[in-house]
Amino acid sequence: MYAIVEIAGQQFKVAKDQKVYVHRLQGEEGSKVTFDNVLLLDNKGNVTIGAPAIKGASVTAQIVSHLKGDKVIVFKKKRRKGYKKKNGHRQYLSEIQIESIAATGAKKTAKKEAAPKKEAAPKAEVKKEATTDYNAMTVAELKAAAKEQGIKGYTSLKKAELIEALTK
């Protein structure tokens, strides 16, 4: 079982008992951290993809140590100008060990997504029936209204002409 998780702004593919170096996390060494932003879960070939995250899924990890990464040297040079700048830094990192991956609630998200889609459709129909302010409508909406009312030659009319034809 593995998961793709967003930790400190970066995405990592993690599995149980794996050690990962991430940007410095708040917390003491030995403390446990839970990450709720799980983007993908794979459980023995059964893949669950979140939109954008899987609700209810989480990854629990323990902070093993805080450390600094290797030195990164940044060297800038412009040839024939005598311009040279040498700079560098060491990134602050945390080493974490993944303790568990919980996939609870992965199936509930599909049911929650289906319910709002059904509610959204009647709202759109209500808006079409109640709309009589033609100035706020777009040209495409005005042409559709003209087609419903049976007005001929509506395709070549401009917005003002469509409003005038629909108000008659």
Side-chain angles (χ1 to χ4, degrees), residues 1-114 116-117 120-121 123-124 127 135-144 155-163:
M1 179 176 200
Y2 72 88
I4 296 179
V5 185
E6 185 173 338
I7 302 171
Q10 293 181 323
Q11 295 177 6
F12 294 93
K13 180 181 175 183
V14 296
K16 191 174 188 300
D17 298 326
Q18 180 182 4
K19 289 187 177 182
V20 182
Y21 292 99
V22 297
H23 288 297
R24 181 67 59 100
L25 298 174
Q26 298 294 328
E28 299 294 323
E29 292 182 7
S31 64
K32 292 188 179 183
V33 184
T34 303
F35 305 107
D36 296 330
N37 201 1
V38 179
L39 307 172
L40 182 135
L41 275 174
D42 183 4
N43 191 3
K44 299 177 185 174
N46 184 12
V47 178
T48 305
I49 300 173
I54 301 170
K55 293 186 180 179
S58 64
V59 174
T60 307
Q62 181 178 7
I63 298 176
V64 177
S65 65
H66 295 297
L67 53 118
K68 287 173 106 177
D70 295 335
K71 185 173 277 191
V72 177
I73 297 173
V74 180
F75 185 74
K76 297 180 182 180
K77 178 183 177 182
K78 294 188 180 178
R79 60 187 192 150
R80 297 187 303 273
K81 306 295 181 206
Y83 176 81
K84 295 179 188 177
K85 292 287 181 188
K86 183 177 178 183
N87 205 343
H89 71 280
R90 292 182 71 185
Q91 191 72 38
Y92 291 102
L93 301 173
S94 294
E95 182 181 12
I96 61 172
Q97 183 169 7
I98 306 300
E99 292 186 341
S100 66
I101 299 173
T104 57
K107 295 182 180 178
K108 293 181 182 178
T109 56
K111 293 178 184 176
K112 289 180 182 177
E113 290 176 5
K117 290 180 183 176
K123 289 180 184 176
K127 288 180 183 176
N135 289 327
M137 295 174 73
T138 63
V139 176
E141 292 170 340
L142 290 170
K143 287 182 179 181
T155 56
S156 61
L157 297 177
K158 295 181 181 175
K159 185 173 182 177
E161 296 168 343
L162 281 168
I163 293 170

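Fair warning: this is a prediction, and the values are worked out from it, not measured in the lab. Reckoned from all heavy atoms, side chains included, excluding hydrogens, waters and symmetry mates.
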Worksheet item: What is the distance from atom CG of N87 to atom NZ of K76, rounded to the nearest 0.5 Å?
Response: 7.5 Å
Worksheet entry | Pairwise distance CG(D36) to OG1(T60) - rounded to 0.5 angstrom | 8.5 Å
Item to complete: Would you indicate whether the side-chain heavy atoms of H66 and Y92 approach each other to under 4.5 Å?
Response: no
Discussion item. Once rounded to the nearest 0.5 Å, what's the spacing between atom CG of N37 and atom CD1 of I7?
Written reply: 10.0 Å
Worksheet entry | Side-chain donor/acceptor of Q97 to backbone N/O of K19, under 3.5 Å | no
Discussion item. For A103 versus A57, what's the shortest heavy-atom pair and its separation?
Written reply: CA-CB, 4.4 Å
Discussion item. Are M1 and L41 packed together at the side-chain level, in the sense that at least one heavy-atom pair is separated by less than 4.5 angstrom?
Written reply: yes
Worksheet item: I63 versus E28: any side-chain heavy-atom pair under 4.5 Å?
Response: no
Worksheet item: What's the shortest heavy-atom distance between L93 and G69, and which atoms?
Response: CD1-CA, 3.8 Å
Worksheet item: Nearest heavy-atom pair of R90 and K71: which atoms, and what distance?
Response: CG-CA, 3.7 Å
Response to the item:
Closest heavy-atom pair, K158 versus E161, reported as atoms and distance to 0.1 Å, is N-OE1, 3.0 Å
Response to the item:
Interatomic distance, NZ@K13 vs CG@D42, rounded to 0.5 Å, equals 8.0 Å
Worksheet item: Which is it for V72 and Q91 under the side chain to side chain contact (heavy atoms under 4.5 Å, CB included) test, yes or no, and what are the steps along the way?
Response: CA-CA 8 Å; V72 177; Q91 191 72 38; over 6 Å; no
Worksheet item: Under 3.5 Å, is there a donor-acceptor pair between the side chain of K143 and the main chain of T155?
Response: yes
Worksheet item: Under 6.0 Å from the CD atom of Q26, do we count more than 12 heavy atoms belonging to anything else shown?
Response: no
Worksheet item: Where do V14 and I101 come nearest, in terms of heavy atoms and distance?
Response: O-CD1, 3.8 Å
Discussion item. Given 3.5 Å as the limit, does a donor-acceptor pair link the side chain of R24 with the main chain of S94, or not?
Written reply: no
Discussion item. So, taking the atom named NZ in K84 and the one named CZ in R79, what distance separates them when rounded to the nearest 0.5 Å?
Written reply: 14.0 Å
Worksheet, complete the sentence: I98 and A15 have their tightest heavy-atom pair at CB-O, 3.3 Å
Worksheet item: Are side-chain heavy atoms of F12 and I96 found at a separation under 4.5 Å?
Response: no
Fill in: Residues, nucleotides or ligands: over 12 heavy atoms within 6.0 Å of D17 CG
yes
Fill in: Sub-4.5 Å side-chain heavy-atom contact between V22 and Q10
no
Worksheet entry | Any K159 side-chain heavy atom under 4.5 Å of L142 side chain | yes
